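First up is the structure itself, then whatever we jot down about it.
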Amino acid sequence: MKKAISLFLALVLCLSLAACGNAEKPKQNETENDSTGVSPNQTENTDSTDYQTEYTAPTETEPKVQVVEITMDNWQDYFETKQCVESCIRTNAFDEFEGVSYYIYTVFTLKEEYAEKIDTDESQLAIEYSCNYRSRSYTLNATDFTYEITGDGWTDELHNISVSGKTNAAFYHLSFPQETMIDGKVVENNVEFPFAANLVATPDAAVYLDNCEEWQEEYEGVGCILEDIEITRIQGSITLFE
């Protein structure tokens, strides 16, 4: 009997030891999780690079501009007067030369160094001027559109006027055609003034050469030209891109 009881107690002791051994394993696993932060069945990610970067769209910057008030003291820094020849050649149905008209214009224009910087939509200017409107004889080069005054022209009062007072002009984009002939063909070209005023005293500022039987590289003519131009009043501003 004692032998049976001893065997029974030994069996109970073995079962107790087995149960204690199974209970210690989860504690060991929990200790590993606490120290590494990774389950034993998982692989630790040691790469610290964050692949989810935020996209930042490029910002559009406003163009830098300079607003210049134009006064009687500074207008010569930005503007000048120029005389421009406009040429219109007339041909027949066979593209043969029939005549030519030359118009001599005087423009009050922005200087060339500012021509590409001007913001015409944001620029406004008004001027008043005085001048002499005189008839002159001249020699005109029909290839490069230059002319040389050679003397007086008509002597009547219609073509010789002193213009003064509140003669004014508007500013806008001016384009003048300059047509010439090369090898019997009309060649067209335009002279552009992005921001300018056309100074016209009377509608008689045109020069017509209709009695030419053929196109020439040089013409003798008589035309009306603005002289002694004086700006008497100017007001407004121009906007320039920097």
Side-chain angles (χ1 to χ4, degrees), residues 79-116 118 120 127 129-163 167 169-231:
F79 289 87
E80 61 185 340
T81 57
K82 283 187 175 181
Q83 289 179 324
C84 180
V85 176
E86 179 180 287
S87 170
C88 297
I89 295 176
R90 292 180 296 282
T91 58
N92 58 21
F94 299 95
D95 290 332
E96 296 171 339
F97 177 81
E98 285 193 337
V100 61
S101 297
Y102 290 100
Y103 305 82
I104 299 177
Y105 292 103
T106 301
V107 296
F108 184 80
T109 180
L110 196 67
K111 288 186 175 181
E112 188 174 351
E113 58 261 38
Y114 301 109
E116 295 183 358
I118 186 73
T120 55
I127 61 170
Y129 63 94
S130 63
C131 64
N132 290 322
Y133 185 62
R134 293 286 180 261
S135 174
R136 303 296 187 196
S137 60
Y138 61 89
T139 300
L140 183 140
N141 187 309
T143 302
D144 61 13
F145 303 100
T146 59
Y147 64 91
E148 180 181 355
I149 296 176
T150 57
D152 294 332
W154 300 299
T155 58
D156 58 279
E157 294 181 358
L158 177 63
H159 297 94
N160 295 274
I161 305 171
S162 293
V163 180
T167 304
F171 283 77
Y172 46 89
H173 182 277
L174 295 179
S175 178
F176 297 102
Q178 290 186 337
E179 297 179 351
T180 187
M181 296 195 75
I182 298 177
D183 298 329
K185 300 294 183 180
V186 177
V187 178
E188 299 181 357
N189 183 41
N190 287 335
V191 177
E192 307 287 341
F193 296 97
F195 190 70
N198 188 10
L199 308 184
V200 179
T202 74
D204 298 318
V207 180
Y208 302 99
L209 302 175
D210 293 327
N211 299 322
C212 304
E213 296 181 358
E214 61 181 14
W215 184 85
Q216 304 172 25
E217 291 188 359
E218 190 173 271
Y219 292 99
E220 299 288 337
V222 178
C224 297
I225 299 173
L226 299 188
E227 299 177 347
D228 305 322
I229 301 169
E230 181 182 358
I231 304 301

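Only this structure's heavy atoms are used, side chains among them; waters, hydrogens and symmetry mates stay out. None of the values given here were measured: they were computed from a predicted structure.
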Side chain to side chain contact (heavy atoms under 4.5 Å, CB included) assessment of F108 paired with I229: CA-CA 10 Å; F108 184 80; I229 301 169; over 6 Å; no

Report the C-alpha separation of T120 and H173 in whole Å, then their side-chain angles, then the decisive distance to 0.1 Å, and conclude whether the side chain to side chain contact (heavy atoms under 4.5 Å, CB included) test is met. CA-CA 8 Å; T120 55; H173 182 277; over 6 Å; no

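- Looking at residues two or more places apart in sequence or on another chain, you find no side chain to side chain donor-acceptor pair (under 3.5 Å) involving E148.
- For the atom pair OH of Y129 and OG1 of T106, the computed distance is 9.0 Å after rounding to the nearest 0.5 Å.
- A distance of 10.5 Å separates OG of S87 from CG of N189, quoted to the nearest 0.5 Å.
- Distance OG1/T91 to CH2/W215: 14.0 Å, rounded to 0.5 Å.
- I89 CD1 to M181 CE: the interatomic distance, rounded to the nearest 0.5 Å, is 5.5 Å.
- A search for salt bridge (charged side-chain N to carboxylate O under 4.0 Å, His left out) contacts involving K82 returns E80, not counting sequence neighbours.
- The 12-atom threshold is not exceeded at CD of E112, counting heavy atoms of other residues, nucleotides or ligands nearer than 6.0 Å.
- With sequence neighbours left out, D152 forms a side chain to side chain donor-acceptor pair (under 3.5 Å) with R136.
- Scanning for salt bridge (charged side-chain N to carboxylate O under 4.0 Å, His left out) contacts around E188 gives an empty result, with sequence neighbours left out.
- Looking at every heavy atom in both residues, V85 comes nearest to Q178 through O-NE2, 2.7 Å.
- Legend: residues meeting ring pair (Phe, Tyr, Trp, His ring centres under 6.0 Å) with F195, ordered by chain and number and at least two apart, are F171.
- Shown here are the side chain to side chain donor-acceptor pair (under 3.5 Å) partners of T143, two or more places apart in sequence or in another chain: there are none.
- In this structure N190 satisfies the side chain to side chain contact (heavy atoms under 4.5 Å, CB included) test together with S175, P177, E192, sequence neighbours excluded.
- Partners of T146 by side chain to side chain donor-acceptor pair (under 3.5 Å), not counting sequence neighbours, listed by chain and number: D144.
- Between T109 atom OG1 and L174 atom CG the span is 7.5 Å, to the nearest 0.5 Å.
- Taking both residues in full, the closest heavy atoms of V222 and G153 are given as CG1-CA, 3.8 Å, listed atom of the first, atom of the second, then distance.
- Residues satisfying the side chain to side chain contact (heavy atoms under 4.5 Å, CB included) criterion with D183, sequence neighbours excluded, are absent altogether.
- Atoms CZ and CD1, on F79 and I231 in that order, are 10.0 Å from each other to the nearest 0.5 Å.
- Residue E227 qualifies as enclosed at atom CD: its count of foreign heavy atoms under 6.0 Å is above 12.
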How far apart are the C-alpha atoms of T180 and F145, what are their side-chain angles, what is the distance that settles it, and do they pass the side chain to side chain contact (heavy atoms under 4.5 Å, CB included) test? CA-CA 9 Å; T180 187; F145 303 100; 4.1 Å; yes

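- Under a 3.5 Å cut-off, the side chain of E86 and the backbone N or O of V191 do not form any donor-acceptor pair.
- Contact annotation: the side chain of S101 approaches that of R90 to within less than 4.5 Å [non-hydrogen atoms, C-beta and beyond].
- Taking the six-membered ring where the residue is Trp, the centroids of Y147 and Y102 are separated by 6.0 Å or more.
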